[in-house]
Amino acid sequence: MTNFQRARSAEQREMRRQAILDTAAAMLEEMPIGQISLNELSRRVGLAKSNVLRYFESREAILLELLDRAWRQWVADLPALGQAGIDQDAPASRRAEQFAAVIAGSLAERRILCDLLSAQAGVLEHNVSPQVAARYKRAAVANVAGIAALAHQHLPEVGDSAPQLTAAMIMAVGAVWTHARPSPAMLAAYEADPSLTAFTLDFVTALREMLATLTAGTIARASA
């Protein structure tokens, strides 16, 4: 929330822009992406909807920027986690398992990032201009490159395939997150028929296993 009625300077415009982003981030703590509306966001930030649209062209543009912000913070935190969780003297197969465990474990408490990643292609990249889409995609490429560099550092055996591995891992994060969070109707079905719970997923466990398989497969292909 800003304490001025009209943003006249570049500094005030940036303050208002950050207030919109921070308010949207707070809403993501309370509700799923599908329930976030520009009307409610405008009300909470204390601006008319038309004023919010002066700073961001759509709801999706706001959420894409939040995704990039959360993603960059995650990338910044990963090197220390990798140093602590990966034994550089271990065989490649063991390091692949450790790398998968580090990535999966690092996402356990990053619900907003996982929510946004799961909605990236199907929701967030729609209803934005080509300019916003291109700006976001450049940021995403840079974020993938940061994780790929970490993968190559701890797993040089992946060779030139580190970016492809990282991109596949990001897609896996979104897919596993979605399937590990069943709808209210599905939860009711599980309660009514406990035999169906055989298909439930623990996010971190399922993601770790999938990432370990992807990593091991990439190493095998790179060495073939």
Side-chain angles (χ1 to χ4, degrees), residues 21-38 40-41 56-78 81 99-128 132-148 150-151 163-190 196-197 199-215:
L21 288 171
D22 291 343
T23 301
M27 292 173 69
L28 282 170
E29 294 282 3
E30 302 174 16
M31 62 189 74
I33 290 170
Q35 293 182 12
I36 292 179
S37 69
L38 276 178
E40 178 62 13
L41 173 60
F56 297 94
E57 63 183 37
S58 65
R59 180 192 79 117
E60 289 73 17
I62 296 170
L63 296 175
L64 276 178
E65 185 137 349
L66 286 177
L67 171 54
D68 177 51
R69 188 164 80 174
W71 199 343
R72 283 188 284 109
Q73 183 59 61
W74 179 45
V75 172
D77 292 342
L78 280 176
L81 296 173
F99 181 70
V102 165
I103 297 297
S106 72
L107 290 165
E109 303 301 324
R110 297 178 188 263
R111 185 184 64 78
I112 289 178
L113 174 59
C114 294
D115 269 348
L116 292 169
L117 281 174
S118 69
Q120 173 188 337
V123 177
L124 304 187
E125 293 181 3
H126 298 259
N127 196 32
V128 293
V132 167
R135 184 169 66 245
Y136 166 72
K137 192 58 68 174
R138 292 188 190 99
V141 168
N143 290 329
V144 166
I147 303 174
L150 186 69
Q164 290 87 345
L165 169 62
T166 302
M169 291 169 66
I170 296 302
M171 287 189 284
V173 170
V176 175
W177 179 257
T178 300
H179 285 85
R181 296 171 65 82
S183 67
M186 193 58 65
L187 289 173
Y190 291 156
L196 297 177
T197 59
F199 297 98
T200 60
L201 295 177
D202 173 74
F203 172 66
V204 173
T205 301
L207 182 62
R208 184 183 68 242
E209 292 175 353
M210 184 174 290
L211 297 185
T213 300
L214 284 171
T215 306

> In Å, rounded to the nearest 0.5 Å, how long is the span from CG of D202 to CG of L207?
Replying inline: 10.0 Å

> Considering all heavy atoms of both residues, which atom of V132 and which atom of A61 are nearest to each other, and what is their separation?
Replying inline: CG1-CB, 4.2 Å

>> Return the CG to CD distance between L38 and E60, rounded to the nearest 0.5 Å.
In response: 8.0 Å

>> Rounded to the nearest 0.5 Å, what separates atom CD1 in I103 from atom CG in L150?
In response: 6.0 Å

> What are the two closest non-hydrogen atoms of A172 and L214, and how far apart are they?
Replying inline: CB-CD1, 4.2 Å

>> Using side-chain heavy atoms (C-beta onward) and a distance below 4.5 Å, is I170 in contact with W71?
In response: yes

>> Tell me the closest heavy-atom pair linking L107 and C114, and the distance in Å.
In response: O-SG, 3.9 Å

> Could you give the distance from CG (N143) to NZ (K137), rounded to the nearest 0.5 Å?
Replying inline: 11.0 Å

> Can you name the nearest heavy-atom pair linking I62 to L21, along with the distance?
Replying inline: O-CD2, 3.9 Å

> Are the side chain of T197 and the backbone of T200 linked by a donor-acceptor contact shorter than 3.5 Å?
Replying inline: no

> Is there side-chain contact between Y136 and L124, with at least one heavy-atom pair below 4.5 Å?
Replying inline: no

>> If I compare all heavy atoms of L187 with all of P182, which pair ends up nearest, and what's the gap?
In response: CD2-CG, 3.5 Å

>> Return the CD1 to CE distance between I36 and M31, rounded to the nearest 0.5 Å.
In response: 6.0 Å

>> Main chain of G105, side chain of R208: is a donor-acceptor contact present, judged purely on distance under 3.5 Å?
In response: no

> Closest heavy-atom contact between T178 and S118?
Replying inline: OG1-CB, 3.4 Å

>> I want to check something: taking the side chain as every heavy atom from C-beta on, are R110 and D77 in contact at a cut-off of under 4.5 Å?
In response: yes

>> Would R181 and D115 count as a side chain to side chain contact (heavy atoms under 4.5 Å, CB included) here? Give the steps.
In response: CA-CA 10 Å; R181 296 171 65 82; D115 269 348; 4.1 Å; yes

> Are E29 and R111 side-chain neighbours, meaning at least one heavy-atom pair lies under 4.5 Å?
Replying inline: yes

>> I'd like to know if the side chain of H179 and the backbone of F203 have a donor-acceptor N/O pair within less than 3.5 Å.
In response: no

> Taking C-beta and beyond as the side chain, do F56 and L64 meet within less than 4.5 Å on heavy atoms?
Replying inline: no

> Is there a side-chain contact between I33 and L28 (heavy atoms, below 4.5 Å)?
Replying inline: yes

> Taking atom CD of E30 as the centre, does the number of heavy atoms from other residues, nucleotides or ligands within less than 6.0 Å exceed 12?
Replying inline: yes

> How long is the span from the CG atom in N127 to the CZ atom in R59, to the nearest 0.5 Å?
Replying inline: 8.5 Å

